[in-house]
Amino acid sequence: MSEEELAKDLGPLAALTIGVGTMIGAGIFVLPGDAISTAGSLAVLSFVVGGAIALLTALSASELGTAMPRSGGAYYYVNHALGPLLGSIAGWANWLGLAFASAFYMVGFGQYIGRIVGVAGTVGLGPVELNAVSLIALAGGAFFVGVNYVGAKETGNLQNVIVIVLVAILTVFTLIGGFQADVSNLPRNEGITPMLTATGFVFVSYLGFVQITSVAEEIKDPGKNLPRAVIGSVVLVTGIYALVLFVMSATVEPGFIASMGDNQIAVVQVAERLLGPVGAVAMLFGGLLATASSANASILASSRINFAMGRDRVISPDLNVIHPRFATPYRSIGITGGLMLTFIVGVDLVGGNAVTTLSGIASFLHLIIYGLLNVSLIVMRVADPPDYDPDFRVPLSPLTPVLGAITSFALIYYIEPMVTAFGAAIVTWAVVWYAGYARERSLTTGVLTKYLREPRLADGPVEDMPATDGGDYRILVPLANPEHETELITLASAIARQRNGTVVVTHIVTVPDQTSLEYGAEHIEDLDAESESLLQSAREDADTYGVPVETHTIVSHESFEEIFDAAETHDADLIVMGWGPDSHGAPGRIEGTFDEIAQDVPCDVLVLRDRGFDPEHVLVPTAGGPDSELSAGTAALLRAEYDSEVTLLHVADDREEGESFLETWAAEHDLADTTLRVETGDVETAIETAARDASLVIVGATERGLLERLVGGSVVIDIAEDVDCSVLMAERQRDRSLWQRLFGRD
Amino acid sequence: MNPDRDAAGGAILGHALLPVADETDARATARALSPYDPDHVTAMHVVEKGEGVPDKTPVEQSEAVAQSAYAAVREVFPEADTHTAYRRDVVEAIQEAAEAVEASAIVFQPRGGSRLIQFLSGDTTIKLVTETEQPVIALPRETEET
C-alpha cells in the first residue's frame, strides 16, 4: 500500500457520519420551536428549502472536493479559484461561522441540561447577569474545547454511535408520531416571507456537509465516496428534518408550541405528548448528544480551516503549531474555543433570542461561503486548468451552480437585519484583514486572476507541440543570485513560449535562523535591497519574450524547502533553478537541507549550472529512464524555439545495441531527425568529450535524487563541473508522466 | 544500510529504531543516542490516524512534521533511514515497524511531564516497554531540558 493510501482511513459510512453527525445536531433538536412559531405550517417547507439550497451547494462541493482533495474544504476551493481577497472572506467566514455555530450548539446544549436539572433564570456574576443556560453553555463549551485541545482519541468512535442513536430516536419519533398526525392540527400558514425568514435561521442545520470535504484527503476512494457522503448526508438529513417537522406540526393542536414556556424545548414537549415520559427522556438524551457532537465536530473542523489559511499565509501559520505532547493544533483550537465562549457571553449580554441570533450569524456566514463556493465552481469550469480533473461533475452545469449561488446569496436577504449587519461587519473585517495583512503575504493567486491575465497568443506553439491547455503550464523560477537571473529567465521564457505557459519568478530572501520570518517579511527591504530590482529585471526579461510573468518574494530560513513549498502553492509544473557551489544556502549548510528535500520533488525540475545560456548546439546524453524524458522534452522545446542543433549521445557496451536503442529512443521522443552519437567506454569521459562541441548539455538525473547528488557527488555532478559549457540537469516528478504533461499525449 | 550489520548480529544497537514525535523531540533523541554510536538508525514517525473518524491534524501537516523530525535525526545520523506509519495506536505502530525493518532495539527518550500531562496524552512509555518483543532502550534526558 502506498503512503497515500495508508493515510486514507475513512470509509463511505464514516464519511457520511461526519456530515450527518455535524448537521443533525442542534438544528433539529433546538430550532423546530422557533421555526414553527415563525413560519406556522410552512415550517416543514423552510427546512426543505434550506435542504434544497444546501443540496445545490453540496453538488458543487462534491465536484471541487474530488478535483482538489486538500485539507481546508470550502475555504481552500474559494481561495484557489477566486484568489486571496475572496479567499480571506471565505476563510474568516468559515472559521467564525463555525465558532458561531459551535456557540449556538452549546446554547442548545445548555437548554437541554437546564431542562434536565431544572434550572432557569439568571445568575449574577459580579456586575453582569448571565442566563443559567449561558453558564451551562460556557461550561460545556470549555469542556469540548478541552477535549479537542488534548485530542482525546476516545471521543472518536463515539461519533458513529451518536449518529446511529440520533437517527434511531428520530425515526421512532417520526413513526409513532406519523400515526397520530392529523392534518387539521397544522398551524396557520404564515406566508412565504416568514417561511424564508425561518429558512434563514434554520440554515445552520445544514452546515455539516462541507466538513466532509475538509477531510477529503483522509477519505478512501474519494472520487466515489466523497460525493456520495456529501450529497447523501444532505438528502438524508433534509428527509429527517422534514418528517420530524411534519410530525411536530401535525400531532399537537395549533398554538401548543407557541404557548410553551420560555425554558421549554419544543421537540421534548411534543415527544412527551406522543410517547410519554420515555419520549421526553429519549429526546433530552438525543438533544444532548446531538448538540455535543455538532459542537465537537465544528471545533475540529475550524482547526482545518485555520491550517489551510495558514498554509496559504492568509493568516499566520504559527496558529497551526502542533502541541508537542497532545499532537493537536492547540493554538487554533484554543482561539476558536475562546471566540466561541465570547460569543456565548456576548449574545446573552445583547439580549433577544440567543438561539436565533447565533444560528442566524452562523447561517449568514455559511451562506456567503456557499455562494462563493458555487461561484468558484463556475470559475473552475470556465478556466478549466489542466490539473482540474474532478471525478464527479455537477449535472446541468452551469445552471446548477448559478442557481446555488443565487439562492445562497438571496437567502441572506431574509435573515434578520441586525444579524445581517453583524455578519456584514465580519465580511468587512475580512476585507480589511486582506488589505492589511494577507495581500502582501498570501502565496496564492486565484485561478480566476490567472485566467483573466492569460494572454491569448496569436503566434501560438508550433504545430507538433500542442499545449494541453493554453497558459496553464506554470514555470517557477526561484532566484537567489542576481548573476544568473537573465539566463534562467531566458530559459524559462523559452519553455513558457513553447508551452504557452506562465513564468512565476520568486525571489528567495534567506534570513538567518535566529530571525523570525515575520520580522524578515516586514524588513524585506533592509534585508535585501536587491529584491525589487531583481524582480523588476526578471519581469523585463520575461516581457521581451512576451510570456506572462508573476513575481513573488519569499522570506525563508531554508531556501530549498521554500522553493518546493512555493512550487506547490503556485501550482508549478516545472521549476527552473540555478545551482552553483554557493547558491541557495551557504556552503556547508547545504547538505542537511538537501537530504531532507531530495526525497520528494513536487514537480519537474531543471537545474542550470550556468556558464552563459546558449542553446545553439544541444547535447543530450541518455541512458533512457524517466529523467532523460525530461531532457528530451526540453531539448525538443529548445529546438522549436531556437532552431537548436541537437545531438543525442548514448554510451553503450555494445555499439550495435547502443545504436538501435538510441534510434528507438529518439523516435519515441520526437527527436528522430537529430544527430545520433553512440560511444563506448567510460560514460563520464564520453560525455565530456562530446560536450566540447556543445554549447549546452542537458542531462537527466537517471535515478532518483538529482538534488541529493548535487552535493553528494555523482557522474552527473562531475560532468556539470568538468565541462566548459552550461549544463542543464533534469529531474522528473515521479507520479505523473512528464511526457504526458509536457506534450499532452501518451 | 550498514553491510556489517549481520556481523554485528547480536549488538543491541545494530539497528536502532528511533520513534520520534516532532523536530525538537527528534533532535534531543538523536543527540542522546549519538554517544552510544549505533551501527544503523531508522527514524520513524507515527502519523496518528483516526481510523474511522477525522484525524486530530491534517495528514498534510502530520507528514510535514514527520519530514522535519527526520531532518533533525539526520543532522546527527546522516545515513538514517526513515519509516512513516499511519496508525491510530502509536505503540502498535512502533512494534510493527520494529518487525518490518528488523530493528535490534527500539530506542526512545521518555518525554516526562507531569502525571496529568502523561495521562492526557496517553502514556505510551509504559505500553511500549511492557508490550514489545524487541529490547526497548530508554535514553536519559538531558538535564538542562525541562
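Counted within 6.0 Å of CZ on B:F77, heavy atoms from surrounding residues, nucleotides or ligands total more than 12; the atom is thus considered enclosed.
For the set A:P324, A:G21, A:S303, the count of heavy-atom pairs under 4.5 angstrom toward chain B peaks at A:P324.
At a 4.5 Å heavy-atom cutoff, B:E75 makes no contact with chain A through either its backbone or its side chain. Only the side chain of B:V65 comes within contact range of chain A, judged by heavy atoms closer than 4.5 Å.
Rounding to the nearest 0.5 angstrom, the gap separating the CG atom in A:D9 from the CZ atom in B:R87 is 10.5 Å. Interatomic distance, CG of A:N320 versus CD of B:Q61, reported as 5.5 Å (0.5 Å rounding).
Judged as a salt bridge (charged side-chain N to carboxylate O under 4.0 Å, His left out), and not counting sequence neighbours, the contacts of B:D25 are B:R111. Taking B:E60 as the reference, A:R70, A:R311 meet the salt bridge (charged side-chain N to carboxylate O under 4.0 Å, His left out) condition, with sequence neighbours excluded.
A:R304 has its side chain within reach of B:D55: a pair of non-hydrogen atoms, C-beta onward, lies under 4.5 Å apart.
When all heavy atoms of B:V59 and A:E217 are compared, the pair lying nearest together is N-OE2, 2.9 Å. Here the closest non-hydrogen pair linking B:T57 and A:P329 is CG2-CD, 3.5 Å. Of all heavy-atom pairs spanning B:K56 and A:T328, the tightest one is CD-CG2, 3.6 Å.
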